[in-house]
Amino acid sequence: MIQNILVAIDGSDLSEQVIGTLHQIKLSSDTKIILSYVIPNTGADVDVAADRPQADQEDVAYIHMKKLMEPLQAEFSCPSELEIVTGDPAEEIIRLANIYKADLIVIGSRGLTGINRILLGSVSSQVVADAHCSVLVVKPKSNH
């Protein structure tokens, strides 16, 4: 049985598809949903403490994402939490999945190909490769 689901969102339209896909899954009333957002580390704050539990709560990005995530959190009838952290997205998603002992990670894929995938990397591919649990990758809906 799936007890804990970590849902990685990034504030894009794809995030809505990720949440929509999660709503299609029959969840038990005691399944816990952890909605997570990673504020990418821009390199300016290199001395961020590795054990800092979440982003600085005074940070503009933190406040903005919390406002966007709270209505999403309210959509679920089962227990849920918000996690907003700073760092490398793939590493932080894996770290949160380990902390919460996630049985499933739900993440979107931007569908990067070719040189963009090489230059920008693929967070979803890295999560699939490194996760200790199952990963559901939601692909963007095609417009044709």
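What you are looking at is a predicted structure, and each value in this text was computed from that prediction instead of being measured.
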Spacing of [X] atom [atom1] and [Y] atom [atom2] [to the nearest 0.5 Å]:
| X | Y | atom1 | atom2 | result |
| --- | --- | --- | --- | --- |
| Leu6 | Ile107 | CG | CD1 | 8.5 Å |
| Asp130 | Glu91 | CG | CD | 8.5 Å |
| Gln126 | Ile94 | CD | CD1 | 7.5 Å |
| Gln73 | Leu82 | CD | CG | 4.0 Å |
| Ser36 | Met69 | OG | CE | 6.5 Å |
| Glu75 | Glu70 | CD | CD | 13.0 Å |

Sub-4.5 Å side-chain heavy-atom contact between [X] and [Y]:
| X | Y | result |
| --- | --- | --- |
| Leu96 | Ile34 | no |
| Cys133 | Asp103 | no |
| Ile25 | Ile5 | no |
| Cys78 | Ile33 | yes |
| Glu83 | Ile99 | no |
| Arg95 | Asn98 | no |
| Asp88 | Asn41 | no |
| Ile2 | Leu27 | no |

message = So for atom CG, which belongs to Asp30, do other residues, nucleotides or ligands contribute more than 12 heavy atoms lying within a distance under 6.0 Å?
response = yes
inquiry  = Looking at His64, I want to see if its NE2 is surrounded by more than 12 non-hydrogen atoms of other residues, nucleotides or ligands under 6.0 Å.
reply    = no
If every non-hydrogen atom of [X] is compared with every non-hydrogen atom of [Y], which pair is closest and at what distance?
| X | Y | answer |
| --- | --- | --- |
| Val137 | Ser109 | CG1-CB, 3.4 Å |
| Ala97 | His132 | O-CE1, 3.5 Å |
| Pro89 | Val123 | CB-CG2, 3.9 Å |
| Gln17 | Lys139 | OE1-O, 3.4 Å |

message = Checking side-chain polar atoms at under 3.5 Å, does Ser15 have a donor or acceptor matched by the opposite partner on Asp10?
response = yes
task = List in chain and number order the residues that pass ring pair (Phe, Tyr, Trp, His ring centres under 6.0 Å) with Phe76, two or more places apart in sequence or in another chain; answer none if no residue qualifies.
result = His23
